[in-house]
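Accompanying notes for the structure given below.
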Amino acid sequence: MQIFIEKDYDAMSVKAFEVIKEVISANPNAVLGLATGSSPIGLYKEMVKDHKENGTSYKNVKSVNLDEYVGLGEGDDQSYVTFMRENLFNHVDIDLSNTRLPNGKASDLQKECDDYNAYLDSLQIDVQVLGIGSNGHIGFNEPGTAFDSVTHIVDLTENTIKDNSRLFNSIDEVPKQALSMGIANIMKAKLIILVASGKNKADAIKKTVRGKVSEEVPASILQRHDNVILICDKEAASSIL
Ligand code: F6R
């Protein structure tokens, strides 16, 4: 694992952007694995800025996202598909038909997971962007998720519901379930970039980098991937300094 410790969130975002830009420059048909949440917003801002200033094109890029809340989808403010459109897709020249997230409003959620998984199996993710939960989750793979898991329906933990409630009007509005790529899907990416910012990630980062590889800390599996770049700000890195 390569580790970069940057002075703050903005510097973390610029570093992550440099890695993504290198991938897209080398391969304009790259497949990007994308995440939502606070951690990659700065990265997406850098990608949009670069697209506008330097014309970097996403015309032939494909994207797949890690996850989506059950019950939310297109047209819902809090859905991850809306997040991706507002933070990235609407501001670059990516073809929306080349972007895909699990559909949290599918009538048959298990079939949606199976279809999403078949789609993932038909691709090779060139670079997967990850954030990390304060409990060590990646995607919505909560502690205890099998390392060989593929796209599945997740019951979110109280911890995650509480962490994510900041983005909803009240904690009661946070969906209790999500659809998420599994750990095995994530581990198939050629390159993984994990971005982490803030003190509340420090313990999870320590366990990810230095802890025992255990299903109790989903991100610890990254120790077994041979091409991971961890980019932290100082606060998130405070327990490994
Ligand atoms: C989001 C995702 C989650 C987040 C994690 C951190 O698509 O898969 O694993 O990356 O919950 O969220 P933030 O960045 O909001 O702290």
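In this chain, residues are counted from 1 in sequence order. Indexing begins at 1, ligand by ligand and atom by atom, following the structure's order. The shown structure was predicted, so the numbers you read here are calculated from the model rather than taken from an experiment.
D76 and Y69 share no donor-acceptor pair across their side chains, judged by distance under 3.5 Å alone. No side-chain donor-acceptor contact under 3.5 Å links N103 and E68.
Using a 4.0 Å cut-off between a side-chain N of Lys or Arg and a carboxylate O of Asp or Glu, D155 and K176 do not qualify as a salt bridge. Checked for salt-bridge contact, D233 and K201 miss the test: no charged N lies under 4.0 Å from a carboxylate O. A salt bridge is defined here as a Lys NZ or Arg NE, NH1 or NH2 lying under 4.0 Å from an Asp or Glu carboxylate O, and E74 with K105 fails to meet this definition.
Atoms of ligand 1 lying under 4.0 Å from any heavy atom of S38, numbered from 1 in the order shown and given with element: 13 (P), 14 (O), 15 (O). If you number the atoms of ligand 1 from 1 as listed, the ones under 4.0 Å from a heavy atom of L66 come out as 8 (O).
The closest protein non-hydrogen atom to atom 2 (C) of ligand 1 is D67 OD2, 3.3 Å. Regarding atom 10 (O) of ligand 1, its nearest protein heavy-atom neighbour is G131 CA, 3.3 Å. Among all non-hydrogen protein atoms, the one lying nearest atom 1 (C) of ligand 1 is T36 OG1, 3.2 Å. Remark: minimum distance from atom 9 (O) of ligand 1 to any protein heavy atom is reached at G139 O, 2.7 Å. Protein heavy atom in closest approach to atom 6 (C) of ligand 1: I132 O, 3.3 Å. Ranking protein heavy atoms by distance to atom 14 (O) of ligand 1, first place goes to S39 OG, 2.5 Å. When hydrogens are left out, the protein atom nearest atom 12 (O) of ligand 1 is K201 NZ, 4.3 Å; that is the closest non-hydrogen contact. Nearest protein heavy-atom contact of atom 5 (C) of ligand 1 is H137 NE2, 3.4 Å.
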Give the C-alpha distance, both sets of side-chain angles, the deciding distance and a yes or no for ring-ring contact (aromatic ring centres under 6.0 Å, His included) between Y44 and F17. CA-CA 8 Å; Y44 299 151; F17 162 70; over 10 Å; no

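Enclosure of atom NZ in K45 is not indicated, since only 12 or fewer non-hydrogen atoms of other residues, nucleotides or ligands lie within 6.0 angstrom.
Of the inter-residue distances, the one linking L167 atom CG with S38 atom OG reads 6.0 Å to the nearest 0.5 angstrom. S63 OG to M84 CE: the interatomic distance, rounded to the nearest 0.5 Å, is 6.0 Å.
At a heavy-atom distance under 4.0 Å, no atom of N164 approaches ligand 1. Using a 4.0 Å cut-off between heavy atoms, M84 makes no contact with ligand 1 at all.
Geometrically, ligand 1 and L130 share no nitrogen or oxygen pair separated by less than 3.5 Å.
Residue E142 places every heavy atom at 4.0 Å or more from ligand 1.
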